[in-house]
Amino acid sequence: MPSPQELPKHYSFDDVEKRWQRIWRDEDYYFDRSSNKPQFVIDTPPPYPTGNFHIGNALNWCYIDFIARYKRMQGYNVMFPQGWDCHGLPTEVKVEEKHGITKNDLPREEFRRLCRELTRSNIEKMRQTMKRLGFSTDWSNEYITMLPQYYRKTQVSFLKMLKQGYIYRSEHPVNFCTRCETAIAFAEVAYEPRETTLNYFDFDGVEIATSRPELLAACVAVAVNPSDQRYQSLKGKELCVPLFGHRVPVILDEAVDPSFGTGAVMICTFGDRQDVLWWKKYNLELRKGIDRQGRMTGTTGTYAGMKVDECRKAILEDMKTSGILHRQEPMEQRVGTCWRCKKPIEILSERQWFIKVRPKEILDAAHQIEWIPSYMLTRMENWVSQMEWDWCISRQRIFATPIPVWFCTTCGEMILPEESHLPIDPTVDRPKGPCPHCGSKEFTGEQDVLDTWMDSSVSVMNVTGWNGEGIPPFFPAQLRPQGHDIIRTWAFYTILRSVALTGMPPWHTILINGMVLGEDGFKMSKSKGNIIDTESIIAQHGADTFRQWAAASAAIGSDIMFSWNDVIAASRFQTKLWNILRFALQHLAGTVEPSVSSVTVLADRWLLCRLSDVVKEADDALQHYQFDRALKAIREFTWTVLADQYIELTKSRLYMNDGSRESARAALWITLDALCRMLAPFTPHFAEECYSYLTGKSVHTQPWVKFSFEDTNARAQGATLIAIVAELRRHKHDRGLALNAPFGRVTIYREIPLEDGGDAARALNAEVRWRGEKPVLERELKDVKFNMAVIGPRLKNRAKTFMEAVRSLPLSAMIDPPDHILIDGEEVTLPADAFVPQFTYTVEGEKVDLLTIGDAFVTIRQAV
Ligand SMILES: [Zn+2]
Ligand SMILES: [Zn+2]
């Protein structure tokens with residue numbers, strides 16, 4: 001360890017951060033499965049391996065690292081695992097682009113191999129950024145959902161929930177993305193505004209307005225409101241669908257809005273969610289108009305094979321030709337889109353796999369969890385209460401966990417593997433025996449795969465040590481940190497699955513972070529050009545300044561605007577504390593863990609009172625995950641209390657050679673030790689560098705600060721001393737004197753004179769005397785200061801005469817001015833604020849300056 005004299009003048013974040021990252025060992029952050037310490041398991045989010053650990057990820061992980069480091073210092077056995085949620089469409093699309101193929105050009109297993117290869121290299125890139133940010137990740141608990149050891153657990157959980165009756169297979173309307181060619185869950189539908197056309201046309205004598213004429217072939221009923229007088233005659237009738245000729249019933253339903261369009265609507269299978277509700281309620285026929293590729297089906301006759309948009313144009317054209325299209329008007333509409341590819345989704349009736357949603361079960365569990373901030377629970381409650389359909393978990397893709405099920409080709413029986421045989425791919429592997437129902441040996445493996453949320457929603461089971469049986473040994477986890485954008489997906493699905501598999505809520509606490517916005521206050525996006533790259537911030541200002549920005553910018557749960565200024569301010573803070581350390585270390589040689597009992601001087605004891613306050617504040621804030629409050633308290637203390645007030649007052653004492661120097665050395669050492677430890681979770685590299693110079697030890701193996709100190713007298717008197725010295729220094733400056741210039745003799749009169757150990761005298765370069773009695777003052781008029789801004793306009797050419805008249809007033813009239821004054825024999829009103837008398841004061845025969853500072857009365861006899 002270099003000696004304090006070798007402390008470099010400038011703090012070089014790049015050297016320091018890289019050096020400590022080389023020295024720190026991964027093993028120091030491993031969760032100890034045999035430890036007696038209380039556990040603190042964090043169910044960290046597994047990011048999607050895009051190859052770019054973006055700023056939103058980085059914010060989320062900074063929060064997690066602050067918590068992990070703080071809890072470790074508090075004596076917890078912490079698990080901060082790292083997962084990777086690999087499966088899904090974006091990787092498939094990237095592989096298709098990269099190799100110039102489509103998924104159907106290769107055997108499934110070969111396509112999966114290319115996906116795994118891309119994912120591996122992306123994970124490696126993201127790991128590098130995470131290491132550069134100094135996260136104390138437990139790499140011994142890394143999990144990768146595309147690997148067999150993980151997706152075996154996904155498959156086991158599927159079989160268990162299937163046997164429990166949570167999972168079923170059924171033909172049911174689902175949200176379907178025809179571009180991605182897969183079903184998607186409700187939580188993956190994003191609603192966006194769109195401009196469309198409302199078309200009014202003749203439907204067998206009834207005028208109907210529709211925005212989706214292409215679904216005419218899929219029309220299964222017409223609905224009107226029962227109270228709508230215009231349509232009373234339609235009750236019990238059937239109508240003939242124009243262009244197609246099939247007959248459909250007229251339905252009377254309260255849900256029809258008479259003020260929309262003409263008040264008569266088509267029910268099609270399926271135009272929107274309302275169609276699905278009516279279709280179920282009235283047990284209507286199913287007419288599929290659109291297929292999985294987004295093309296019109298055979299049901300649509302001559303339109304079959306057309307894309308949806310082509311069909312819409314063609315049908316409108318045909319309506320015009322046959323003279324049934326009355327008019328068209330523009331309309332704003334909210335349309336459901338696929339959250340991955342942004343294309344409008346369709347509702348198709350499909351045979352799919354579902355998980356039953358039991359709202360009460362989920363809400364009961366959600367209410368047992370502590371939500372931070374608490375209002376985020378409402379978002380979960382709202383989501384659960386509006387669920388209409390079960391969770392569709394099957395996807396028609398390739399790079400995903402296979403659904404471990406076969407069907408007997410002869411009798412259709414569903415065949416399940418033994419849990420001990422998992423993982424399997426039913427399209428490759430075969431059942432171990434014949435069909436138990438009919439004895440056939442012909443099977444069809446399920447081609448559908450699982451929604452990726454099926455993988456990630458058992459992350460908590462995995463990190464708490466689940467091997468596929470019973471309740472995991474470290475379950476439930478203590479904390480789930482995640483963004484508010486995935487409450488209705490990741491949080492919801494995890495609670496659902498944990499309750500199904502263990503009967504318990506998955507975590508004690510869920511901590512919800514906000515999103516990072518660009519410097520312009522908008523969501524970061526390529527099109528806005530406001531994306532800020534994590535790596536570029538680290539390269540310019542270092543990881544610790546980024547981490548300070550993450551901590552200090554906003555309360556948890558709030559969205560955060562990125563700000564370069566905040567990063568620069570963080571960098572200045574490090575420079576400030578580095579300079580304090582450089583100064584202090586010149587005087588601290590040989591000081592090792594001094595005792596509080598050697599702190600005897602007033603200012604030192606005051607500092608420890610203030611340190612005790614900031615320790616309490618930071619500790620309380622961290623316990624409540626209020627990182628902004630904790631870091632602001634630490635920075636404010638360092639800048640103001642320690643640097644501006646304490647060190648300015650006491651630094652000269654450190655050059656003395658007596659007990660008062662020991663007192664200052666002890667106070668300073670105790671304060672710097674506490675500051676390093678409090679900063680360790682926020683700025684791990686900087687705190688480590690400072691602490692190693694101070695103590696030769698690693699701050700990350702130290703316990704959290706337990707410092708409490710109270711001395712009521714020192715707290716009050718120290719504050720007075722600080723205020724008096726600050727005011728006198730300002731006075732000195734106003735007099736045009738250098739701060740270190742001799743300042744003569746200062747006498748401070750106060751009911752209780754302070755025992756300041758000579759600090760005031762040294763800080764002012766003055767002879768300072770403290771007196772308990774009041775001074776005997778004599779006063780003499782020195783001068784009169786006129787306010788020309790008042791006198792000029794009011795007295796104009798008589799100003800000079802006025803000033804002479806004032807000067808000749810008796811002293812008593814000068815102090816307590818009369819209403820009028822005599823000028824050239826004329827009474828003139830004396831304007832307010834026209835002048836201030838200036839006095840000289842004398843104490844014990846010496847001329848002095850006089851100041852009142854708080855409850856103290858100060859005389860200064862300046863040096864001559
Ligand atoms: Zn899509
Ligand atoms: Zn069979």
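Please read these numbers as outputs of a predicted model, since none were measured by experiment. In listed order, ligands and their atoms are each counted from 1. Computed from heavy atoms alone, side chains included, the values below leave out hydrogens, waters and symmetry copies.
Atoms SG of Cys177 and SG of Cys338, as seen from the Zn ion (ligand 1), are separated by an angle of 110°, to the nearest 10°. Note: angle at the Zn ion (ligand 2), from SG of Cys435 to SG of Cys408, is 110° (rounded to 10 degrees). Rounded to 10 degrees, the SG-metal-SG angle spanning Cys341 and Cys180 at the Zn ion (ligand 1) equals 110°.
Side-chain contact between Phe407 and Glu446: present, with at least one pair of heavy atoms (C-beta onward) separated by less than 4.5 Å.
Residue-environment remark: NZ (Lys163) exceeds the threshold of 12 foreign heavy atoms within 6.0 Å.
In this structure, Trp353 has its ring center at least 6.0 angstrom away from the ring center of Tyr168.
Not one N, O or S atom of His437 sits under 2.8 Å from the Zn ion (ligand 2).
Side-chain atoms of Arg287 do not come within 3.5 Å of backbone N or O of Ala218 as any donor-acceptor pair.
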